[in-house]
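Just so you know, ligand 1 is whichever comes first in the structure, and atom 1 is the first atom listed for that ligand. Heavy-atom basis, side chains included; hydrogens, waters and symmetry copies ignored. Numbers for residues simply follow the sequence, beginning at 1.
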Amino acid sequence: MFEGKELKPFEKKVYLASPTMHGEELKYMTEAYNTNWMSTVGENINEVERLAAKQAGVKYAVALCNCTSALHLCVKFAGERLYGKPAVSHGSLEGKRVFCSDMTFGATLNPVVYEGGIPVFIDTERESWNMDPVALEKAFELYPDVKLVVCAELYGFPGRIDLIREICHKHGALLIEDAAEAMGAYLNGQPCGSFGDYAAVSYNGNKIITGSSGGCLLTNDLEVANKARKWSTQAREAAPWYQHEEVGYNYRMSNVIAGVIRGQYPYLGAHIAQKKAIYERYKEGLKDLPVQMNPITEGTVPNYWLSALIIEPDYMCKQVRDDSTALYIKGKGKTCPTEILEKISALNAEGRPIWKPMHMQPMYRMHECVGRDGSIRAKTNAYIAGGVKDVGADIFARGCCLPSDNKMTPEEQDRIIEVIRRCFE
Ligand SMILES: *Cc1c(COP(=O)(O)O)cnc(C)c1O
């Protein structure tokens, strides 16, 4: 339908994933205003906690200012449970190794570092683009003393979080599930956010539903829920004055923000349906190209948050990246994420590279990353981008996220598909 036509840029930018409001958000925000519950207490917060726990099928949800703070409290609690209470100025994981997802957003594991832990990365499984359970097993063989695993679900497409959980428990380790991207997704009929001993979800502006910011800690363990409530509100003791026995944080959710989230929850299903339609339209439109979309592994029901593709190795043109720039040399019938993202951007739309694996990040360059063959790359120095051994580096080199905004029209999406198709000419 676009045969030979010049593809004009959109007048209005098509985003990767932007907030989609429905009206009820304003009602609950206004309620907070009119009743003067303009702080970190109120009906909206109670309701968000009820809805978040219900969605994930867990007993307790604690509403916090974002998902990163929820993960921090999960990590801190796990650290104290495993290793005891540290000295006041020390992290609860001081000097301890923690197995972490490698191909994810840095916020998944930043809290491990806040608590003094040492992330050891676990390579990505090719079939699911999520943490590789085989590599995790190998990591436990190398370091049987490790007691904590932090695992994120990528782009709302759960991998084998069920196996990850089994492996953790077999080795007596606790699992923290970073379900920031996966709210509303399921594996074997079980909701994401319920696999970890402790889990976190996000209401950041680009997530499947949003409060502009916000997050919840999820758990079946009353003790961690109570601790999270206390720590997130400056850790006051029960006393007539400000009495402190431990370090506090100011991490609680605002009742105004909670109003936005409360208004969004009824639309979670509708947002997932829109994201699914977007994914399927890409899949159909790109089906005869040498690309693969996010894998949907057996037993999983994704929330389709971000559509992404990877290019078959034989159709990759030469692409080089350093720490801040990317260059490519166009070849006939070949392309690369850098070109696709450039062309999408020229259309006034927004794509993004796949999360750059943590073991490739300058700050973690000397950290270990365990592959499914049991190799520890930081020690063997066997970084081979595009090679078979380093799955994360390979997916990063060949993959990109596509505009996945649920307000994108089919016509707009068709133009994006056409732009991608032309990259393979
Ligand atoms: C968005 C995101 C976070 C952080 O969420 P915030 O609410 O912005 O703190 C953490 N982990 C993953 C995987 C994310 O995508």
Please tell me whether [X] and [Y] form a close aromatic pair, meaning their ring centres lie under 6.0 Å apart.
X      : Y      : value
His72  : Tyr114 : yes
Tyr304 : Tyr155 : no
Tyr249 : Trp231 : no

Contact (N/O only, under 3.5 Å) between [X] and ligand 1:
X      : result
Asn204 : yes
Cys67  : yes
Trp305 : no

More than 12 heavy atoms from other groups under 6.0 Å of [atom1] on [X]:
X      : atom1 : value
Lys230 : NZ    : yes
Glu411 : CD    : yes
Lys85  : NZ    : yes

Among Asn206, Val201, Thr210, Asp178, whose heavy atom sits nearest atom 12 (C) of ligand 1?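 Looking at heavy atoms only, the winner is Asp178.
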Ligand 1 contacted by Gly214 (non-hydrogen, < 4.0 Å):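 True for this residue.
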Among all the protein's non-hydrogen atoms, which is closest to [atom], and how far away is it?
atom                    : value
atom 15 (O) of ligand 1 : Glu181 OE2, 2.5 Å
atom 1 (C) of ligand 1  : Lys207 NZ, 1.6 Å
atom 4 (C) of ligand 1  : Thr68 OG1, 3.7 Å

Close-contact set for ligand 1 against [X] heavy atoms, below 4.0 Å:
X      : answer
Ser202 : 5 (O), 6 (P), 7 (O)
Thr108 : 11 (N), 13 (C)
Thr104 : 13 (C)

So, Trp305 side chain and Lys275 main chain: donor-acceptor pair closer than 3.5 Å or not?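 Checked: no pair found.
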State whether Lys138 and Asp123 are salt-bridged, where the test is any N-O pair (Lys NZ or Arg NE/NH1/NH2 against Asp/Glu carboxylate O) under 4.0 Å.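 Not counted as a salt bridge, because no side-chain N and carboxylate O are separated by less than 4.0 Å.
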What part of Ala180 sits under 4.0 Å from ligand 1 if we count only heavy atoms: the side chain, the backbone, both or neither?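 It is the side chain that gets close, since no backbone atom is under 4.0 Å.
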